[in-house]
Amino acid sequence: MLRSCLRSSICSNRWAASTKPYFAWPPPNLLLHISKHLSSESSRRKNPQLPPLSDLKSLCIEDRLKEAILEMGIQGLRVDFDGYDSLLAVCINQNAVREGQRVHSHMIKTRYFPPVFLNTRLVIMYVKFGFLEDARRVFDGMSERNVVSWTAVISGCARRGRRYEALGLFLRMLETGIFPNEFTFASTLTACTGPGGLEHGIQVHSLVIKSNFESHLCVGSSLVDMYAKAGRIQEARRVFDKLPERNVVSCTAIITGYAQLGLDEKALELFCQLQKEGMESNPVTYVSLVTALSGLAALDYGRQVHTQIIRSEVQSNVVLQNSLIDMYSKCGSLTYSRRVFNSMPERTVISWNAMLVGYSKHGLGQQVLELFKLMQKEDVKPDRITLMAVLSGCSHGGLVHEGLDIFYWMVRGQYVEAEIEHYGCIVDLLGRAGLVDKALIFIKQMPFEPTAGIWDTLLGACRAHSNVPVGEYAAQQLFNIDPQNARNYVILSNIFAAAGRWEDVINVRRLMKEKTVMKEPGQSWIKLDRKLHAFYVSDQFHSKKGKKYL
DNA sequence: GTAGGGTTAG
């Protein structure tokens, strides 16, 4: 079943793309480099002053990689399995890209045919360096493969977003008769995480159960993550509860699952419970917890957790600090956000974006502009989100000229490609400032087909600035795109009502009836005695109705 | 040797 389900994926273009010819290997400059070293063996013979041959393995153990690489060149054709094994292990460990490539080139140049173990090391090395094409090239050229070789290449594809390729490889592995182990399953489940992956994930899960791997920590954590990201939090929780043992990764996976689905209270509750049960937390756990607190806008809890992070042994990192910036901003305290931002020893573009978004959402246009200038001064490359934050900051702060200047600077340059969302920000900027007619002209000149979101922004502006003709036009566009959306009819009706055009109000209401457009009734909530009570408009029947105005 | 969980926008 799995096979038939995934067959179409294997035949897809992505798979076909992976079988296209690779680049010439090794690159000519690398060969030149290696051959220089190879020729130094003859110079040793001519010059007895050169140091005696060293043992590659001991150089590697002593962490003298560069000397070992040089020695490899000098030894010419004589590097054996142990030598290559030690060299590759150190290259992988130290992320030594150039040295790793030299070792591989040396194998080719000296016509050394690596056994399966060394070929697998090469695959692992290229996967770690992020050179997936090279990893595939070595893997595809292997006459013999084992479960580790397959897992290494599957995990490389899964982590690089080449999900269908990873699943195709998994199937080929099964066909070859090699049975997956816990690492293989964990990587394959990673490939099933994300849009459209659930169907495949469930099938891999059934294989996991049949193979008795469900209780392995890494498989369990992958299953929890896969189900949670597919919105199946109950299934994720079921897998988590069934795990015979837990560790920080599996606990974090389920907490993250709740937080990412917006079940923030549940995430916080589970964190407290697991911590009582002795769960160790690390920066990743705290990132999920802080994300949940952002959703709850719970400043007190947020400060307590921040204090706990500072006091605990947990080494904070840039991702955690980014989430703290966001949490403080969503809890309404930009002063704390900025304090975290200022204290950071290193920042990523996300740190800047989180701070800019904070200022923007609070309507602090001047602070947005100042921070954006600082960002440019520090040579940090903005991305699409930076520009979204800056443009919407100008919009919320009423900085029309500044916003337009930045937008046209963006369109002229090649810093960030302007997308429809950026155009949407300008529609909002003009509309908010009351320049509704200009906003409509701007929409008509856009290089994109306007979306419902764009017309919705314009309609909102028409309502705020009582512009009936443009409002009618925008509403008509929305009726064409989404005729059953009651919200658009109601806003247009309100625009007419504000202008005293009561006949038009009646017409819109009649239109709604004709098209059987239903508006969801207004609803509000209140929490009493740890119970959530919901009240609807005209609700006559709720037991607490009499008390709600107390 | 191969493994699993994380941040900004909409």
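We name chains A, B, ... by the order of the sequence lines, and we start the count at 1 in each one. Bear in mind that the values here come from a model prediction, so they are computed numbers and not experimental data.
Side-chain proximity of A/Val287 to B/dG4, B/dA9, B/dG6: nearest is B/dG6. Looking at the side chain of A/Ser288, the nearest of the listed nucleotides B/dT7, B/dG4, B/dG6 is B/dG6. The nucleotide whose nearest atom lies closest to any side-chain atom of A/Asn322 is, among B/dT8, B/dG4, B/dT7, B/dT7. Among the nucleotides B/dG4, B/dT7, B/dA9, the one closest to the side chain of A/Lys330 is B/dA9.
Ion pairing between a basic and an acidic side chain is recognised when a charged N comes within 4.0 Å of a carboxylate O; A/Lys361 and A/Asp326 show no such pairing. A salt bridge links A/Arg238 with A/Glu214: the closest approach of a Lys/Arg side-chain nitrogen to an acidic carboxylate oxygen falls below 4.0 angstrom. Looking at A/Glu165 and A/Arg160, no side-chain N of the basic residue comes within less than 4.0 Å of a carboxylate O on the acidic one, giving no salt bridge.
For B/dG5, the base has a donor-acceptor partner in the side chain of A/Asn282 [N/O atoms by modelled type, under 3.5 angstrom]. The base of B/dG5 is paired with the side chain of A/Thr252 by a donor and an acceptor separated by under 3.5 Å.
For the contact set between residues 380-397 of chain A and DNA chain B, defined by any heavy atom under 4.0 Å, the members are A/Arg384, A/Ile385, A/Met388. Within residues 357-364 of chain A, the residues approaching DNA chain B are A/Val357, A/Lys361, by heavy-atom distance under 4.0 Å.
A/Ile154 comes within 4.0 angstrom of no nucleic acid atom, judged by non-hydrogen atoms across all strands. The residue A/Arg159 sits close only to the backbone: its heavy atoms come under 4.0 Å of sugar-phosphate atoms, none of a base. Note on A/Val116: a base of the nucleic acid sits closer than 4.0 angstrom, heavy atoms only. Using a 4.0 Å heavy-atom cutoff across all strands shown, A/Thr190 reaches sugar-phosphate atoms only and no base atom. At the heavy-atom level, A/Ile325 lies nowhere under 4.0 Å from the strands shown. Base engagement by A/Phe117 is indicated by at least one non-hydrogen atom pair under 4.0 Å involving a base atom. Nucleic acid contact for A/Val248: base, since at least one base atom lies under 4.0 Å from a heavy atom of the residue.
A sub-4.0 Å separation between OP1 or OP2 of B/dG5 and a side-chain N or O of A/Gln260 is absent. Between B/dT2 and A/Thr184, no contact under 4.0 Å exists linking OP1 or OP2 to a side-chain N or O. The phosphate of B/dG6 (OP1 or OP2) has a side-chain N or O of A/Lys229 nearer than 4.0 angstrom.
If you look at A/Phe139 and A/Trp150, their ring centroids are closer than 6.0 Å.
Residues passing the ring pair (Phe, Tyr, Trp, His ring centres under 6.0 Å) test with A/Phe131: none are found, sequence neighbours excluded.
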